[in-house]
Amino acid sequence: MTKMPKRSFVWDAHAGLFPSPEMNLKILEHWLKDNVNYLSVNVGFDVMSRDETLATLAAYRRWLLAHTDQFLLAEKLSDIDLARSTGRLAISFDIEGMNALGGDINMVEIYHTLGVRQMLFAYNLNNAAAGGCHDADIPLTQFGIEILAEMNRVGIMVDASHTGYKTSMDLIDRSGSPVVFSHSNPTSVWKHQRNITDEQIQACAARGGVVGLNGLAIFAGDNDSSSETLLRHLFRLIDIAGPAHVGLGFDYTPDVSVDIGSILRARPDYWPAGQQYDTVNIGHSGPSKIPDLVNGMQARGMSEEEIRGILGENFARVARESWV
Ligand SMILES: [Zn+2]
């Protein structure tokens, strides 16, 4: 059996927090406790305006800069190494959907300056840039094509989660750096519009990208948050993409008192009927599941190098190629 080092490098490509300036970021201690080294924290999604996204970003920056004993706002990969060597959690931000630009491409560089290192193009519904996974299947618009070039130029990781099929394939085809699905599970294990087909997974991997395993129980099965089911998704991703193109993006909300379902039911346009969003008490797997995942991978005979890749080094490789 593979022997793992005591502490492997762990990259969680997406937190599932509901972005708000009022959010108490003490919640991020959950990731520290579970030995995560880097976390991408979402500061906006298409339901929010540019103003609300900027207000959230400002509040999160101020809080993190006041808590540098535990957290480090990472601008480059060496910052993540520094955080790791000093026992802190490295954090940068992501934005889910281009409504945060307010129609202005100049905002891409501003967001980069403020610590955003990953952006996806459309959150479930179509917007001015791209197509979402719960809407008519469209490729990137001209505005979307221009945004992609600007993201490649300033150094923001290109994320295709939440987008529709044509937009995701368009992104993979056109991007100058590898494209990731930061938090998406395979449709071939559980049929859901938020999940992605084997063809999308293969295309992502063929261009050097990584797919992050999602822990939300309605994307894994019938509100199924068991380790066994999570491992089925992980192994399927590994079988399709290869072990160098799979990572973790748990989409995790640690506060179990939050009823995710009630938030989702409040906006049926973004979270449409028939997609299990009306499930009461949606379950959730987060980074506390990592030991189970490692055990499963070891039992499957995977090498230490492969497991290290999945826990963090694969996403770090894409960051090295994207964060210019
Ligand atoms: Zn998401």
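Just follow the structure's listing: the first ligand is 1, and inside any ligand the first atom is 1. What you see is a predicted model; the values in this text were computed from it and never measured.
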**Asked** Is Y165 close to E199 at the side-chain level, that is, under 4.5 Å between some pair of heavy atoms?
**Response** yes
Could you pull out every donor-acceptor pair under 3.5 Å between side chains of residues 63-77 and any protein atom, sequence neighbours left out?
unit_1	atom_1	unit_2	atom_2	d
H67	ND1	W63	O	2.6
Q70	NE2	E29	OE2	3.1
K76	NZ	D79	OD1	3.4

**Message:** Restricting to distances shorter than 2.8 Å, give the number of protein N, O or S atoms close to the Zn ion (ligand 1).
**Reply:** 3
**Item:** Residues E228 and R232 bridged, charged N to O under 4.0 Å
**Value:** no
**Asked** Under 6.0 Å from the six-membered ring centre of F235 and within 45° of its axis: does the NZ or CZ of R300 meet both?
**Response** yes
**Asked** salt bridge (charged side-chain N to carboxylate O under 4.0 Å, His left out) with D173: which residues, sequence neighbours excluded?
**Response** none
**Prompt:** In the hydrophobic clustering (ILVMFWY, side-chain contacts below 4.5 Å, transitive), which residues join V324, or is it alone?
**Reply:** none
